[in-house]
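Okay, structure first, notes after.
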Amino acid sequence: MHVDIRRQMIGYHLEQAGAESIVVCGDSRVEAALLPSSVAGVPLVNAGIGGATISLIGSEVPMIIGDYKLHLLVLSAGVNDAKIENRTTNSVSEFRSNIEAAIRKLAQNARKILLTSIPPVENGKPLGPRYYDGDLICRFNDEIASSAKRNGADFFDLAGAMTNENLELMAGMSIDGVHFSRTGYEIWRPALISAIERSLDTAN
């Protein structure tokens with residue numbers, strides 16, 4: 001149900017933003033973010049979908065975009081792929097296949113693609129390491145960086161500024177372990193916008 005509603009809303013927003021806009025795809029971390037309506041004068045659409053995995057984004061977003069040709073498409077997701085309840089011995093290879101497939105589909109409608117690493121989860125919170133596999137998040141981040149290189153996409157380590165020495169989300173940056181607090185977004189949002197600006201410079 002939520003996916004159906006978001007599909008409509010993102011489509012409506014994209015219709016207003018028009019072609020050559022920026023679309024930021026992601027999960028609830030993106031959907032919940034207060035993103036600007038434009039960056040460097042280019043309209044921006046928040047295409048976050050709560051609960052989304054890389055596979056869901058790869059199947060849903062190209063259909064939402066339709067015939068639009070985007071200036072920049074940002075893919076910032078993957079934490080839901082690291083849920084412990086869904087973990088298998090093939091999690092890393094499946095993630096690699098899913099992100100490669102997503103990039104191939106999304107690249108058909110974007111002049112440039114920017115991939116970001118996945119910020120980890122915060123220890124001591126209900127949706128922290130007992131719910132998400134921190135080691136998988138690290139391994140997925142390696143896959144994201146490698147996929148960006150293989151496919152000529154930009155890559156930004158969004159997790160770096162939010163990670164402590166134990167490779168967990170810094171204390172106080174989340175509400176419940178995974179969803180960012182105001183403090184978390186005060187780090188996440190400007191870092192993402194700066195990365196978008198750099199990608200726009202190289203796309204022109």
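This chain uses plain numbering: 1 for the first residue, then up along the sequence. Nothing here was measured: the structure is a model prediction, and the numbers come from that model.
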Please report the closest heavy-atom contact between [X] and [Y], naming both atoms and the distance.
| X | Y | answer |
| --- | --- | --- |
| P120 | I137 | CA-CD1, 4.2 Å |
| C25 | V61 | SG-CG1, 3.6 Å |
| N46 | A33 | ND2-O, 3.4 Å |
| A52 | I57 | CB-CG1, 3.9 Å |
| G172 | E122 | N-OE2, 2.9 Å |
| P36 | L44 | O-CD2, 3.5 Å |

Does [X] use its side chain to pair, donor to acceptor, with the backbone of [Y] at less than 3.5 Å?
| X | Y | answer |
| --- | --- | --- |
| S181 | G184 | yes |
| K125 | S174 | yes |
| D27 | A77 | no |
| S21 | G18 | yes |
| S91 | T88 | yes |
| R7 | I64 | no |
| Y185 | R29 | yes |
| N80 | T53 | no |
| E197 | V39 | no |
| D176 | H179 | yes |

| query | Mind checking what makes salt bridge (Lys or Arg N to Asp or Glu O under 4.0 Å) contact with D67, not counting sequence neighbours? | reply |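 Applying salt bridge (Lys or Arg N to Asp or Glu O under 4.0 Å) to D67 gives none.
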| said: According to salt bridge (Lys or Arg N to Asp or Glu O under 4.0 Å), who are the partners of E20, at least two apart in sequence or on a separate chain? | reply: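 E20 satisfies salt bridge (Lys or Arg N to Asp or Glu O under 4.0 Å) with R111 only.
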| request: For residues V121 and L127, determine if any side-chain heavy atom of one lies less than 4.5 Å from a side-chain heavy atom of the other. | output: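 Counting from C-beta outward, V121 and L127 never come under 4.5 Å.
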| So, do F180 and P119 sit near enough that their side-chain heavy atoms are less than 4.5 Å apart? |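 Side chain of F180 against side chain of P119, heavy atoms only: contact under 4.5 Å found.
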| request: Sequence neighbours left out, what pairs pass side-chain hydrogen bond (donor to acceptor under 3.5 Å, both in side chains) with at least one residue falling in residues 155-170? | output: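 For residues 155-170, and leaving out neighbouring residues, the side-chain hydrogen bond (donor to acceptor under 3.5 Å, both in side chains) pairs sorted by first residue read S117-D157.
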| field | Among L114, T116, I113, the one residue meeting side chain to side chain contact (heavy atoms under 4.5 Å, CB included) with D154 | value |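 One option only clears the test, and that one is L114.
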Within one Ile-Leu-Val-Met-Phe-Trp-Tyr cluster: [X] and [Y], side-chain cutoff 4.5 Å:
| X | Y | value |
| --- | --- | --- |
| V45 | V30 | no |
| I118 | L106 | yes |
| I22 | L75 | no |
| L192 | V42 | yes |
| V92 | I99 | yes |

| task | Quick one: which residue pairs count as a ring-ring contact (aromatic ring centres under 6.0 Å, His included) with a foot in residues 17-67, not counting sequence neighbours? | result |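 Sorted result for residues 17-67: empty, none.
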Could you give the distance from [atom1] ([X]) to [atom2] ([Y]), rounded to the nearest 0.5 Å?
| X | Y | atom1 | atom2 | value |
| --- | --- | --- | --- | --- |
| I193 | L35 | CD1 | CG | 6.5 Å |
| N90 | R96 | CG | CZ | 10.5 Å |
| L115 | S147 | CG | OG | 7.0 Å |
| Q108 | L70 | CD | CG | 12.0 Å |
| S28 | I49 | OG | CD1 | 11.0 Å |
| I65 | I10 | CD1 | CD1 | 9.5 Å |

| task | Begin with the C-alpha distance, continue with both residues' side-chain angles, and end with the deciding distance and a verdict on side chain to side chain contact (heavy atoms under 4.5 Å, CB included) for E31 and M9. | result | CA-CA 11 Å; E31 183 180 351; M9 293 301 106; over 6 Å; no
| field | Evaluation steps, side chain to side chain contact (heavy atoms under 4.5 Å, CB included), between Y68 and N109 | value | CA-CA 6 Å; Y68 285 101; N109 292 86; 5.7 Å; no
| message | For R150, is there an ion pair with E100 - N to carboxylate O distance below 4.0 angstrom? | response |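 Looking at R150 together with E100, the answer is yes, because their closest N to O distance falls below 4.0 Å.
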| field | Within 6.0 Å of CZ in R139, more than 12 heavy atoms from elsewhere | value |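 Open: at most 12 neighbouring heavy atoms sit under 6.0 Å from CZ of R139.
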| message | Would you say NZ of K149 has more than 12 non-hydrogen atoms from neighbouring residues, nucleotides or ligands within 6.0 angstrom? | response |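 Check fails, neighbour count at 12 or below.
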| field | Pairing residues for F140 by the ring pair (Phe, Tyr, Trp, His ring centres under 6.0 Å) criterion, not counting sequence neighbours | value |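 Listed in chain order: F95.
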| request: Mind jotting down which residue pairs meet the salt bridge (Lys or Arg N to Asp or Glu O under 4.0 Å) criterion with at least one end in residues 75-84? Sequence neighbours excluded, please. | output: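 Output for this query is empty, none listed.
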| said: Between L14 and V23, is the side chain to side chain contact (heavy atoms under 4.5 Å, CB included) condition met? List the steps. | reply: CA-CA 8 Å; L14 183 58; V23 170; 4.0 Å; yes
